[in-house]
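Report on the following structure.
One-based numbering, in listed order, for ligands and for the atoms of each. Sequential numbering from 1 along the given sequence is applied to the chain's residues.
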Amino acid sequence: MSGHTRTIWGIGTSRTIRAHWAAREVGVDYETRPIRPRTGETETAEFLAVNPRGKVPALVDGDLVLTESMAILNHFATAYGDPATGLVPTAPAERAVYDEWCFFIAMELDATTLYVMRRHYDLTQIYGEAPVAVRVAREYFARQIASVIAHLGDGRSHLMGDRFTGADIALASTLGIAERYEVRLDDVLVDYLARVRARPAFQAALAVNTPG
Ligand SMILES: N[C@@H](CCC(=O)N[C@@H](CS)C(=O)NCC(=O)O)C(=O)O
């Protein structure tokens with residue numbers, strides 16, 4: 001899949017950076033359409049033709065269109081990664097563990113927890129006030145992240161051991177959401193974040209993902 005246009009739509013969020021970061025890790029070229037949520041830019045006819053759900057990020061890679069950040073991340077990893085840059089393990093058991101981390105992060109830490117806080121804390125003008133839901137989400141996050149702290153606390157540098165993978169992009173981007181909601185992060189997570197954010201691919205992704 002080379003020699004065709006590749007475009008990432010979307011900047012400015014912890015979800016969009018997953019796409020940019022993965023692309024930079026595997027070194028694939030792409031164009032950026034720097035649209036942002038809740039600006040009207042995700043509601044144009046041009047963008048809705050790409051993603052009728054009106055959400056970023058979206059990837060157009062030749063004939064392939066993907067509109068979920070984790071799917072985009074894994075696509076870059078499997079389509080363009082080589083054994084050296086491969087962000088997704090290939091051995092079946094390792095791949096299963098990798099998938100488990102990705103689903104856990106996307107569902108338990110992000111969608112049902114931090115995104116609930118985003119909706120009912122930050123975006124109350126759209127989604128309404130729900131202080132109980134926000135409080136419970138905060139408590140739930142603390143309970144779920146404890147397993148990550150224990151896992152990383154055994155001396156490993158990354159979720160899958162010594163090797164950086166797409167699961168680290170998923171976790172670090174999700175912890176970025178937590179930071180915005182004044183969730184206190186354990187020192188193990190703070191050290192981990194500093195480690196993965198020092199990667200040149202993250203720095204390059206951050207530069208393109210940050211609105212000018
Ligand atoms: N599950 C999707 C969620 C994407 C999503 O919620 N994107 C937000 C920004 S982080 C968005 O585009 N919101 C636009 C809107 O709701 O108008 C993913 O991970 O890609």
>> So, taking the atom named CG in D168 and the one named CG in L87, what distance separates them when rounded to the nearest 0.5 Å?
In response: 9.0 Å
> Given that the side chain starts at C-beta and the backbone is N, CA, C, O, which of these parts of R15 lies under 4.0 Å from ligand 1, counting heavy atoms, or is it both or neither?
Replying inline: side chain
Side chains of [X] and [Y]: donor-acceptor distance under 3.5 Å anywhere?
{"X": "R18", "Y": "T174", "answer": "yes"}
{"X": "D61", "Y": "Y30", "answer": "no"}
{"X": "R53", "Y": "T67", "answer": "yes"}

[atom] [closest protein heavy-atom partner, distance rounded to 0.1 Å]:
{"atom": "atom 16 (O) of ligand 1", "result": "R38 NH1, 3.4 Å"}
{"atom": "atom 20 (O) of ligand 1", "result": "S69 N, 2.8 Å"}
{"atom": "atom 2 (C) of ligand 1", "result": "E68 OE1, 3.2 Å"}
{"atom": "atom 11 (C) of ligand 1", "result": "K55 CD, 3.5 Å"}

> Which one of I35, L73, V56 has a non-hydrogen atom at the shortest distance from atom 4 (C) of ligand 1?
Replying inline: V56
> With respect to atom 17 (O) of ligand 1, which of T42, L123, T67 exhibits the smallest heavy-atom separation?
Replying inline: T42
>> Quick check with a 6.0 Å cut-off and a 45 degree axis cone: is R199 positioned over the face of F164's six-membered ring?
In response: yes
> Does NZ or CZ of R15 come closer than 6.0 Å to the centre of the six-membered ring of Y115, within 45° of the ring's axis?
Replying inline: yes
>> If you apply the rule side chain to side chain contact (heavy atoms under 4.5 Å, CB included), what do you find for I126 with R38, and how did you get there?
In response: CA-CA 10 Å; I126 303 171; R38 285 167 290 277; 3.3 Å; yes
List every atom of ligand 1 that sits less than 4.0 Å from any heavy atom of [X], numbering the atoms from 1 in the order shown and giving each element.
{"X": "P37", "value": "9 (C), 11 (C), 12 (O), 13 (N), 14 (C)"}
{"X": "Y115", "value": "6 (O)"}
{"X": "T13", "value": "9 (C), 10 (S)"}
{"X": "G54", "value": "14 (C)"}
{"X": "P57", "value": "20 (O)"}

> G176 and S14: which non-hydrogen atoms are nearest, and at how many Å?
Replying inline: C-OG, 4.2 Å
